[in-house]
Amino acid sequence: MKTPVRSSVTALAVTLMAAMASMSPATAAPEPSTGTGGSPVQAEARAVAGTPVYVWATDVRVRPAANRIWDPIATVSRTWLESICQMDGEYIHDPAVGGNSWWTFVRIGNQTGAINNLYIRGGQMIEGVPVCSTSGG
């Protein structure tokens with residue numbers, strides 16, 4: 001059963017991702033300051049405890065959406081991160097490890113970003129990480 005807070009955070013995250021995906025990078029509004037503020041999605045996402053996930057690879061780019069059109073917000077290597085949800089996004093193929101279209105949204109400091117599941121221990125979809133939903137329920 002989803003909690004109302006988790007459902008609201010997931011719905012807000014998916015709505016934000018959809019809005020960002022419809023904008024070209026050149027016309028996208030800049031991210032708000034990440035000092036003590038951040039976006040409303042980031043603020044609400046910090047309040048929900050997520051499943052820990054392990055990024056097994058090095059120099060993995062964390063992006064603001066589940067595709068490569070956006071510049072990375074961070075780069076991580078061999079670390080545990082707190083997940084929010086996962087969704088089907090851009091298919092990524094890495095000759096060394098295969099391909100996957102599933103991305104997991106994680107917390108990086110006070111920001112939220114997506115990592116392709118190729119680089120997270122657990123397979124195509126990560127067990128224990130909920131699927132992002134816009135249903136609100």
Side-chain angles (χ1 to χ4, degrees):
M1 181 170 133
K2 292 182 183 177
T3 63
V5 172
R6 180 170 292 213
S7 296
S8 296
V9 170
T10 301
L12 284 170
V14 171
T15 301
L16 178 62
M17 290 181 293
M20 290 173 57
S22 68
M23 299 166 39
S24 72
T27 61
E31 273 293 311
S33 166
T34 57
T36 57
S39 73
V41 170
Q42 292 168 349
E44 287 192 44
R46 286 192 299 270
V48 179
T51 301
V53 293
Y54 184 70
V55 179
W56 61 266
T58 58
D59 299 323
V60 176
R61 294 178 186 103
V62 182
R63 300 189 186 269
N67 59 54
R68 294 178 291 179
I69 65 169
W70 299 96
D71 291 334
I73 61 170
T75 302
V76 296
S77 297
R78 297 181 181 147
T79 190
W80 287 93
L81 297 170
E82 188 178 355
S83 68
I84 298 168
C85 63
Q86 60 187 327
M87 70 177 296
D88 196 22
E90 179 184 1
Y91 180 83
I92 302 297
H93 182 262
D94 182 329
V97 293
N100 197 343
S101 63
W102 282 87
W103 296 66
T104 295
F105 286 83
V106 297
R107 290 174 181 78
I108 302 289
N110 62 351
Q111 297 184 66
T112 301
I115 297 175
N116 189 278
N117 286 3
L118 274 177
Y119 307 108
I120 298 174
R121 186 182 295 157
Q124 181 175 355
M125 290 180 69
I126 311 302
E127 185 177 338
V129 177
V131 174
C132 301
S133 169
T134 58
S135 67

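Because only heavy atoms are used, hydrogens play no part in the values below, and waters and symmetry mates are left out as well, while side chains stay in.
- Of all heavy-atom pairs spanning E82 and G50, the tightest one is OE2-N, 2.6 Å.
- Between the side chain of N100 and the main chain of N116, no donor-acceptor pair closer than 3.5 Å is present.
- Applying the side-chain contact (heavy atoms from CB on, under 4.5 Å) test to D88 and every residue at least two apart in sequence or in another chain returns S101, W102.
- Residues P130 and I84 come closest through the heavy atom pair CG-O, 3.5 Å.
- Looking at T51, its side chain does come within 3.5 Å of a backbone N or O of G128 through a donor-acceptor pair.
- Residue W70 comes nearest to A65 through the heavy atom pair CD1-CB, 3.8 Å, listed as atom of the first residue, atom of the second, then distance.
- Annotation: side-chain hydrogen bond (donor to acceptor under 3.5 Å, both in side chains) contacts of R68 (sequence neighbours excluded): E90.
- Residue Y91 holds its OH atom at 7.5 Å from CG of L118, rounded to the nearest 0.5 Å.
- Between V76 and I115, some side-chain heavy-atom pair lies under the 4.5 Å cut-off.
- Judged as a side-chain contact (heavy atoms from CB on, under 4.5 Å), and not counting sequence neighbours, the contacts of D59 are T75, S77.
- Residues passing the side-chain hydrogen bond (donor to acceptor under 3.5 Å, both in side chains) test with N117 are Q86, T104, sequence neighbours excluded.
- When all heavy atoms of Y119 and V97 are compared, the pair lying nearest together is CE2-CG2, 4.3 Å.
- Qualifying side-chain contact (heavy atoms from CB on, under 4.5 Å) partners for Y54, counting only residues two or more places apart in sequence or in other chains: W56, R78, W80, R121.
- Residue pairs meeting the salt bridge (charged side-chain N to carboxylate O under 4.0 Å, His left out) criterion with at least one member in residues 124-133, sequence neighbours excluded, do not occur.
- Residues F105 and A114 approach most closely at CE2-CB, 3.6 Å, considering heavy atoms.
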